[in-house]
Amino acid sequence: MKSDCLQTTTCQERKKDPIEMLHSGQLVKVCAPMVRYSKLAFRTLVRKYSCDLCYTPMIVAADFVKSTKARDSEFTTNRGDCPLIVQFAANDARILSDAARIVCPYANGIDINCGCPQR
């Protein structure tokens, strides 16, 4: 997570809660996670076209927790990248929890990838 890309205030302070958005009865435009495409530049682009809620690409939680290099390459964000859901793949609840704690100040939610085969 490169410090020049991270926001200085928590995401929850700046935008509506995704749960509130989904229960509002209004149309919510969501950009689902897409491997290699849902990185910050793409999320910035879709937000310019009124996307309300974006997901990161799937991040392997074990690698994310173990490696600063993995964190820097897999997760970047900025002040305008909100609300944001971070998607993790994990097979260990403790590692998933550790990864979630790392991104917690910068995200509005955590998604567990259950649809793609993972080790």
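The basis for the numbers below is simple: all heavy atoms, side chains too, and nothing from hydrogens, waters or symmetry mates.
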Check: Given V103 and F88, is the side chain to side chain contact (heavy atoms under 4.5 Å, CB included) satisfied, shown in steps?
Finding: CA-CA 11 Å; V103 299; F88 285 111; 3.9 Å; yes
Check: Going through the distances and angles, do C54 and I85 end up as a side chain to side chain contact (heavy atoms under 4.5 Å, CB included)?
Finding: CA-CA 6 Å; C54 289; I85 306 296; over 6 Å; no
Item checked: salt bridge (Lys or Arg N to Asp or Glu O under 4.0 Å) between D81 and R43, intermediate numbers included -> CA-CA 7 Å; D81 190 25; R43 295 191 309 265; 2.7 Å; yes
Check: Between M21 and Q26, is a side chain to side chain contact (heavy atoms under 4.5 Å, CB included) present by the stated rule, with each step listed?
Finding: CA-CA 7 Å; M21 292 172 64; Q26 301 294 318; over 6 Å; no
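Considering OG of S73 and CD1 of I59, their distance stands at 9.0 Å, rounded to 0.5 Å. For the atom pair CZ (R36) and CE (M58), the distance works out to 10.0 Å, reported to the nearest 0.5 Å. We find the CE-CZ distance between M34 and F42 to be 3.5 Å, quoted to the nearest 0.5 Å. Taken to the nearest 0.5 Å, the CD1 atom of I110 stands 7.0 Å off from the SG atom of C104. Put simply, OG on S50 and CG on L27 are 10.5 Å apart, with the number rounded to the nearest 0.5 Å.
Linking Ile, Leu, Val, Met, Phe, Trp and Tyr residues whenever their side-chain heavy atoms come within less than 4.5 Å leaves V46 and L22 in two separate clusters. A single hydrophobic cluster is not seen to contain both L40 and Y37; linkage of ILVMFWY side chains at heavy-atom distances under 4.5 Å, directly or through other members, places them apart.
The side chain to side chain donor-acceptor pair (under 3.5 Å) test applied to Q87 returns D111, N113, not counting sequence neighbours.
Side-chain atoms of T68 and R71 include a donor-acceptor pair closer than 3.5 Å.
In this structure, the side chain of N108 does not engage the main chain of P18 through any donor-acceptor pair within 3.5 Å. At distances below 3.5 Å, not a single donor-acceptor pair connects side-chain atoms of S97 with backbone N or O atoms of A93.
A 4.5 Å side-chain heavy-atom check between L53 and P83 finds at least one atom pair inside the cut-off. A heavy-atom distance below 4.5 Å is not found between the side chains of V35 and P57. R47 is listed as a side-chain neighbour of L84, based on a closest heavy-atom distance under 4.5 Å.
The aromatic rings of F75 and F64 sit perpendicular to each other, their planes meeting at more than 60°, with 30° as the lower class boundary.
Listed here is the closest heavy atom pair of A32 and Y55: C-CB, 4.1 Å.
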